[in-house]
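Notes follow the structure.
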Amino acid sequence: MVSLSDPKCQITLLKAMAIAPKVTAIISLFSSTFIIQHVLRDRKRRSLTYHRLLLGMSISDFFGSLMCFLSTWPIPRGEACLAAGTTATCTAQGFFNQTAALCTI
């Protein structure tokens, strides 16, 4: 039986927790991109309030999904699994992540 206190198991869990948001974020990025281009390509859709709201929400979701996709990469190297950034990239990601979260409220 595998124990969660086993170091190999913990490393596997950390890798899975670092990769899972990237997979779901890619799906969300593609979906948001489709909605954005679907609304912007049609003059009639751009003029309707419903589609304008949908466009705004999709743009906000695009940036939120982008931050989710980046998740661990901007974190300073050695601080998390798959981390490759610096303190500056971590700070920038935190700012944009909070901005994207506030835009969805």
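Scope of the values below: all heavy atoms of this structure, side chains included, with no hydrogens, waters or symmetry mates. All residue numbers in this chain count up from 1 along the given sequence.
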With [X], which residues qualify under side-chain hydrogen bond (donor to acceptor under 3.5 Å, both in side chains), at least two apart?
{"X": "Ser32", "answer": "Asp61"}
{"X": "Arg77", "answer": "none"}
{"X": "Glu79", "answer": "none"}

Shared hydrophobic cluster for [X] and [Y] (ILVMFWY, side-chain gaps under 4.5 Å):
{"X": "Leu70", "Y": "Leu14", "result": "no"}
{"X": "Phe30", "Y": "Leu66", "result": "yes"}
{"X": "Ile26", "Y": "Phe62", "result": "yes"}
{"X": "Val39", "Y": "Leu53", "result": "no"}

Discussion item. The criterion is ring pair (Phe, Tyr, Trp, His ring centres under 6.0 Å); which residues satisfy it with Phe96, sequence neighbours excluded?
Written reply: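 Phe96: no ring pair (Phe, Tyr, Trp, His ring centres under 6.0 Å) contacts found.
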Worksheet item: Listed by chain and number, what are the ring pair (Phe, Tyr, Trp, His ring centres under 6.0 Å) partners of Phe69, not counting sequence neighbours?
Response: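 Phe69: ring pair (Phe, Tyr, Trp, His ring centres under 6.0 Å) contacts with Trp73.
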Worksheet item: Do you know which two heavy atoms are closest between Leu29 and Thr33, and how far apart they sit?
Response: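 Heavy atoms only, the tightest pair is O-OG1, 2.7 Å.
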Worksheet entry | Residue pair Pro21 / Thr24: nearest heavy atoms and the distance that separates them |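 Minimum heavy-atom separation between Pro21 and Thr24: O-OG1, 3.2 Å.
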Calculate, to the nearest 0.5 Å, the distance between atoms [atom1] and [atom2] belonging to [X] and [Y] respectively.
{"X": "Arg41", "Y": "Arg46", "atom1": "CZ", "atom2": "CZ", "answer": "11.5 Å"}
{"X": "Ile36", "Y": "Ser58", "atom1": "CD1", "atom2": "OG", "answer": "5.5 Å"}
{"X": "Leu102", "Y": "Asn97", "atom1": "CG", "atom2": "CG", "answer": "10.0 Å"}
{"X": "Cys81", "Y": "Ile19", "atom1": "SG", "atom2": "CD1", "answer": "7.0 Å"}
{"X": "Met57", "Y": "Arg52", "atom1": "CE", "atom2": "CZ", "answer": "14.5 Å"}
{"X": "Lys22", "Y": "Ser65", "atom1": "NZ", "atom2": "OG", "answer": "13.0 Å"}

Discussion item. Can you confirm whether Thr86 sits close enough to Pro76 that some side-chain heavy atom of one is under 4.5 Å from a side-chain heavy atom of the other?
Written reply: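 No. Closest side-chain heavy atoms not under 4.5 Å.
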Could you tell me whether a side-chain N or O of [X] sits under 3.5 Å from a main-chain N or O of [Y], the two making a donor and an acceptor?
{"X": "Gln37", "Y": "Phe34", "result": "yes"}
{"X": "Gln93", "Y": "Ile75", "result": "no"}
{"X": "Ser31", "Y": "Ile27", "result": "yes"}

Item to complete: Apply salt bridge (charged side-chain N to carboxylate O under 4.0 Å, His left out) to Arg45 and list each qualifying residue two or more places apart in sequence or on a separate chain.
Response: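 Result, salt bridge (charged side-chain N to carboxylate O under 4.0 Å, His left out) vs Arg45: Asp42.
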Worksheet item: Knowing that exactly one of Ile59, Leu55, Leu54 qualifies, which makes a side-chain contact (heavy atoms from CB on, under 4.5 Å) with Ile35?
Response: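 With Ile35 as partner, Ile59, Leu55, Leu54 yield a single side-chain contact (heavy atoms from CB on, under 4.5 Å), made by Leu54.
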